[in-house]
Amino acid sequence: MPGKNVLTISKLRASVAGKSILKGVDLQIGAGEVHAIMGPNGSGKSTLAQVLAGREDYEVEGGGVTFDGQDLLAMRPEERARAGFFLGFQYPVEIPGVNNAYLLKAALNAKRKRAGMPEVDAYEFLALIKAKMKFMQMNEAFLSRGVNEGFSGGEKKRNEILQMLVLEPRLAVLDETDSGLDIDALKVVAKGVNSLRGPDRSIVLITHYQRLLDYIEPDHVHVFSDGRILKSGDKSLARELESRGYDWIQEGRVA
Amino acid sequence: MSSALQSFEAALRARPPDRLAAMRAESMRRFLELGLPNTGDETWRYTNLRGLAAKPYVDAPRIAAGAAVDAAASWLAAASTAAPVRIVNGFAELGDGAPPERPGVTVRSLRSLAAQDPEWLLERIAPAADTDEERWALLNRALFVDGIYLRIDSPVEDPILIVHLALPGGADTAVHSRVIIETAPGATATVIEHHIGSNGAAVLANSATQIELAADSSVEHYRVFAGNDTMTHIDALTVRQARGSRCRQFTIALGGALVRADLRAKLDGPGAAHDSHSLLVGHGSRHVDCVATVLHASPQATSTQTSRAIASGTGRVVFNSKVVVAAGAAGTQSNQSARGLLLSPTAEIDTRPQLEIHADDVKCAHGATTGRLDPDMMFYLLSRGIDRAAAQSLLIYAFLDDVLTGMSSPAARSAIENALIAELPDADLLREFR
Ligand SMILES: Nc1ncnc2c1ncn2[C@@H]1O[C@H](COP(=O)(O)OP(=O)(O)OP(=O)(O)O)[C@@H](O)[C@H]1O
Ligand SMILES: [Mg+2]
């Protein structure tokens with residue numbers, strides 16, 4: 001069915017530590033679409049991403065989210081991932097002692113299990129992972145290291161994209177995956193994201209910079225402010241934000 | 001006098017005196033004078049022995065060689081290609097069917113040495129000090145019936161496995177076994193002591209091991225406590241290291257109701273290096289208490305102490321480490337790293353690294369942290385589709401990684417990992433992880 005929504009967020013409200021952060025978010029993401037969310041620091045973008053991924057520290061106080069027709073908020077975080085939701089973290093955590101290759105394999109197998117598929121063959125997996133790493137211009141030595149352990153900021157972001165490419169999610173929310181990347185790394189990350197674009201997949205890019213959107217063209221751009229989406233538009237909105245900042249939108253709201 | 005003390009004294013009186021009788025009598029006299037340690041003693045603050053003190057213990061019976069022993073095989077057997085040296089209820093099983101001696105390795109029974117050359121043996125039995133920690137070692141000096149003397153004369157590749165097996169004999173039984181390990185200059189070996197007990201009545205195993213390292217020799221030593229849920233393991237390990245020698249020590253607590261493991265290492269020659277590692281699992285209602293002291297008595301020696309403790313249920317783990325730098329031990333370098341991971345709100349972990357420095361020009365670091373599983377790490381794994389139990393096991397395993405990766409015997413490491421994994425949730429997944 002054309003135009004069918006992958007994700008529908010309605011009137012979503014959430015708080016953390018008794019402080020209200022999301023104050024009524026409405027957003028619809030169709031299959032194959034790329035959305036960009038921009039907005040001032042502290043406006044709640046990462047909170048939205050974490051609530052969608054199922055982080056328990058955040059309390060959902062109202063509204064709802066459906067993901068491919070299912071009640072996303074009723075699912076545990078691991079179920080969301082297996083159902084095809086992927087979060088690229090703004091600050092990927094280091095997990096010394098848990099091997100990177102192992103995590104990738106376990107994650108892939110968890111997803112395959114849910115789909116009724118057998119576990120990935122060890123040889124096949126290695127071939128897959130090596131191809132994806134080459135594509136992401138990552139050194140294979142990263143495979144045997146602990147998850148993100150001692151990775152530079154840029155390497156961590158590449159690793160997030162690598163995981164995304166291996167897991168081939170239905171919906172990827174990438175929280176500032178472009179922050180801290182040099183220009184070459186930005187191109188590699190953009191290439192990775194673009195390679196995943198397709199009629200069945202949707203992508204949400206949370207970013208502060210027009211630069212990323214030069215490489216990954218969004219279908220829709222949203223401005224997030226004080227816990228809600230204040231304005232939506234097409235890619236020209238991003239350019240306008242770049243030159244004018246956020247004030248004119250926020251003032252517009254008051255008026 | 002408590003029931004336990006009375007029974008220990010009676011045990012010595014009931015035995016036919018051997019040629020170590022004077023030393024035994026003196027050790028017993030001193031032990032009775034000091035009594036059992038109690039929670040008022042500095043290094044016994046966390047471990048209450050009242051239940052133990054109230055019991056009358058009988059000597060564990062001697063079991064005919066080979067009998068009933070198959071029922072309690074060591075899961076560390078695969079770590080060595082040779083048959084293990086067994087100490088069953090304190091008696092060394094040597095002689096007929098004894099493991100063949102390998103080049104560079106001499107194995108003798110302490111009982112036969114006591115009969116043949118008591119003077120020679122007495123010189124080798126370490127004096128026990130009057131400190132709180134060493135009271136049990138004092139009791140061991142009085143009551144050990146037998147044990148192993150192990151001498152390493154050259155580099156020995158294959159690990160040597162010693163199995164301390166306790167087979168209960170009805171009532172509360174006590175087993176006192178002793179191991180003496182000596183190296184020649186330049187010799188190297190891996191020695192694994194596996195303490196196990198078959199199911200049955202509560203056994204009190206009070207063991208003592210001494211390691212004497214000659215110049216430039218090196219030993220990797222493991223002591224693995226894996227008795228059943230009713231067993232009490234008390235063990236005193238004493239290490240003395242000459243110039244340029246190296247000791248890598250692993251203390252692994254995986255079984256027993258109560259484990260009390262002491263380590264006293266003396267770096268007695270310039271450039272000696274001592275690295276001890278502890279992996280302490282306080283699951284269920286197990287109580288694990290370790291006291292480790294490294295004395296830097298010579299200049300330019302180095303030591304590290306790394307402990308990783310986990311506790312769940314109402315389990316409790318105590319790890320007290322201490323580095324003492326004697327006057328004149330310039331150029332000492334030491335590091336103590338103690339970390340604890342609490343897996344339930346009713347579990348408890350206490351770590352206390354201490355330093356006592358009487359020299360200048362030393363570098364001594366220490367750190368101790370105890371906490372719960374990191375929620376950010378947990379969420380990251382969940383967000384990748386890993387289920388909660390598996391994620392928890394992975395993180396526990398990762399927490400123990402620093403100790404596991406330090407083991408240089410792959411076979412020993414693999415056997416220990418298997419035993420460890422069996423204690424964690426989602427064992428199958430973890431097996432694959434390795
Ligand atoms: N665990 C928490 N405890 C208290 N306050 C929190 C917590 N998490 C987020 N907040 C607050 O919620 C608000 C929104 O934070 P969030 O990280 O979602 O912003 P953001 O839009 O992603 O900002 P940035 O662009 O800087 O990444 C901030 O004021 C932040 O301090
Ligand atoms: Mg953010």
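Lettering of chains follows the sequences in order, A, B, ..., and the numbering in each one begins at 1. As a basis for the values below, the full set of heavy atoms in this structure was taken, side chains included, without hydrogen atoms, waters or symmetry mates.
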Between B/Asp275 and B/Arg246, is there a side-chain N and carboxylate O pair less than 4.0 Å apart?
yes
Could you work out, with side-chain contact (heavy atoms from CB on, under 4.5 Å) as the rule, every residue matching B/Pro353, not counting sequence neighbours?
B/Ser321, B/Gln336, B/His366, B/Ala368
Part of A/Asn148 within contact of chain B (heavy atom distance under 4.5 Å):
side chain
Under a 4.0 Å threshold between the charged nitrogen and the carboxylate oxygen, would A/Lys130 count as salt-bridged to A/Glu140?
yes
Decide, yes or no, whether a salt bridge links B/Arg316 with B/Glu348 under the criterion of side-chain N to carboxylate O below 4.0 Å.
yes
Any ring-ring contact (aromatic ring centres under 6.0 Å, His included) involving residues 143-180 of chain A? Give me the pairs, sequence neighbours left out, ordered by first then second residue.
A/Phe142-A/Phe151
Using a strict threshold of under 4.0 Å (side-chain N to carboxylate O), is an ion pair present between B/Asp401 and B/Arg308?
no
Report the relative orientation of the aromatic rings in A/Phe89 and B/Tyr380; use parallel for angles under 30°, tilted for 30 to 60°, perpendicular for over 60°.
tilted
Side chains of B/Gln305 and B/Ser307 only: does a donor on one sit below 3.5 Å from an acceptor on the other?
no
When A/Ala101, A/Pro92, A/Ala107 are compared by non-hydrogen pairs under 4.5 Å with chain B, the top option:
A/Ala107
Sub-4.5 Å side-chain heavy-atom contact between B/Met407 and B/Glu417
no
What is the ring orientation for B/His233 with B/Phe225, classed by angle as parallel under 30°, tilted 30 to 60°, or perpendicular over 60°?
tilted
Toward chain B: residues of residues 42-56 of chain A with heavy atoms under 4.5 Å
A/Gln50, A/Ala53, A/Gly54, A/Arg55, A/Glu56
Non-hydrogen contacts under 4.5 angstrom with chain B: give the residues of residues 155-180 of chain A involved, or none if there are none.
A/Glu160, A/Gln163, A/Leu167
